[in-house]
Novice: 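Please read through the structure below; I'll follow up with questions.
Residues take their numbers from the sequence shown, with the count starting at 1.
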Amino acid sequence: MAAAVTTASLTAEGAAQPLSGAGRAADTPKARKKIPIGVFDPVYEKLSLDEMLDKVSALGLEAMEIGTGGYPGTNHCPVADLLADSGKAKAWKKKFEDRNIRVATFSCHGNPVHPDAKQTCRPEP
């Protein structure tokens, strides 16, 4: 059924009708989306944010997953500072934009029952 819907148009009654030739959705430029190739920032934990972005940009990568706490740490995303100061947040974001690197996702993962709050992704009391 899914294949029928992706290669067909629906009539007003909801029945799948095959599309012919160049009218197929797969043949139109808008139907093809490029998946950006990226990396998770802890791979470069020993580099500063600028050094990491320069390296990633030189490699031709287009996206980043940024750690925001827990096991990935906050080496490249000082969450508390960025939340407290919108100017710092804008400057942080601009570093990515200037290199045409998309922040694809933020992540925070750890052990939610660990006695050390830094390992849980919970703010410390």
Side-chain angles (χ1 to χ4, degrees):
M1 181 65 163
V5 173
T6 59
T7 60
S9 65
L10 295 177
T11 64
E13 295 81 29
Q17 299 295 320
L19 294 173
S20 61
R24 285 185 292 206
D27 293 334
T28 61
K30 289 183 180 181
R32 296 183 185 173
K33 289 190 177 185
K34 182 179 176 193
I35 297 173
I37 303 300
V39 68
F40 190 22
D41 79 310
V43 171
Y44 298 109
E45 67 183 338
K46 292 185 178 12
L47 299 179
S48 70
L49 176 62
D50 289 316
E51 291 169 330
M52 176 194 68
L53 292 174
D54 288 342
K55 176 86 164 175
V56 167
S57 181
L59 292 170
L61 299 177
E62 306 158 307
M64 296 287 307
E65 177 179 353
I66 304 296
T68 62
Y71 295 144
T74 60
N75 295 352
H76 301 121
C77 185
V79 177
D81 293 344
L82 299 178
L83 290 174
D85 185 336
S86 65
K88 283 184 182 180
K90 287 177 186 175
W92 183 89
K93 183 179 175 189
K94 187 171 181 342
K95 290 179 182 204
F96 289 84
E97 291 169 349
D98 288 349
R99 294 169 178 90
N100 295 315
I101 298 171
R102 183 175 115 193
V103 176
T105 188
F106 292 101
S107 67
C108 180
H109 39 91
N111 179 346
V113 296
H114 197 286
D116 179 359
K118 291 178 183 174
Q119 300 299 320
T120 65
C121 292
R122 295 187 312 245
E124 292 190 43

Novice: Over 60° means perpendicular and under 30° means parallel, so classify the ring planes of F40 and H109, tilted if in between.
Specialist: tilted
Novice: For the pair K34 and E62, evaluate side chain to side chain contact (heavy atoms under 4.5 Å, CB included) and give the outcome as yes or no after the intermediate values.
Specialist: CA-CA 11 Å; K34 182 179 176 193; E62 306 158 307; 2.5 Å; yes
Novice: Taking CD1 in I35 as the centre, count heavy atoms belonging to other residues, nucleotides or ligands within less than 6.0 Å. Is the count above 12?
Specialist: no
Novice: First locate atom NE2 of H76, then atom CD of E51, and finally report the distance between them rounded to the nearest 0.5 Å.
Specialist: 8.5 Å
Novice: Quick one: salt bridge (charged side-chain N to carboxylate O under 4.0 Å, His left out) partners of K55, sequence neighbours excluded?
Specialist: none
Novice: Have a look at V56 and tell me which of L47, L61, V43 forms a side-chain contact (heavy atoms from CB on, under 4.5 Å) with it.
Specialist: L61
Novice: Minimum heavy-atom separation for S107 to P72, with atom names?
Specialist: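 Heavy atoms of S107 and P72 come nearest at OG-CG, 4.2 Å.
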Novice: Side chains of F96 and I66: closer than 4.5 Å at any heavy-atom pair?
Specialist: yes
Novice: Can you measure from CG (N75) to NZ (K46) and round to the nearest 0.5 angstrom?
Specialist: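 One finds 9.5 Å between CG of N75 and NZ of K46.
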Novice: Taking all non-hydrogen atoms of both residues, which atom of G67 and which atom of C77 are closest, and how far apart?
Specialist: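 Of all heavy-atom pairs spanning G67 and C77, the closest is O-CB, 3.6 Å.
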Novice: Just how far is it from atom NZ of K90 to atom CG of D85, taken to the nearest 0.5 Å?
Specialist: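 It is 10.0 Å, given to the nearest 0.5 Å.
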Novice: Working note: L53 + Y44, criterion side chain to side chain contact (heavy atoms under 4.5 Å, CB included); need CA distance, chi angles, decisive distance, verdict.
Specialist: CA-CA 9 Å; L53 292 174; Y44 298 109; over 6 Å; no
Novice: Within the side chain of T74, is there an N or O that forms a donor-acceptor pair under 3.5 Å with the backbone of T68?
Specialist: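 No; judged by distance alone, with no hydrogens or angles, the pair does not exist.
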Novice: Hey, mind stepping through V79 and F106 against side chain to side chain contact (heavy atoms under 4.5 Å, CB included) and telling me if it holds?
Specialist: CA-CA 11 Å; V79 177; F106 292 101; over 6 Å; no
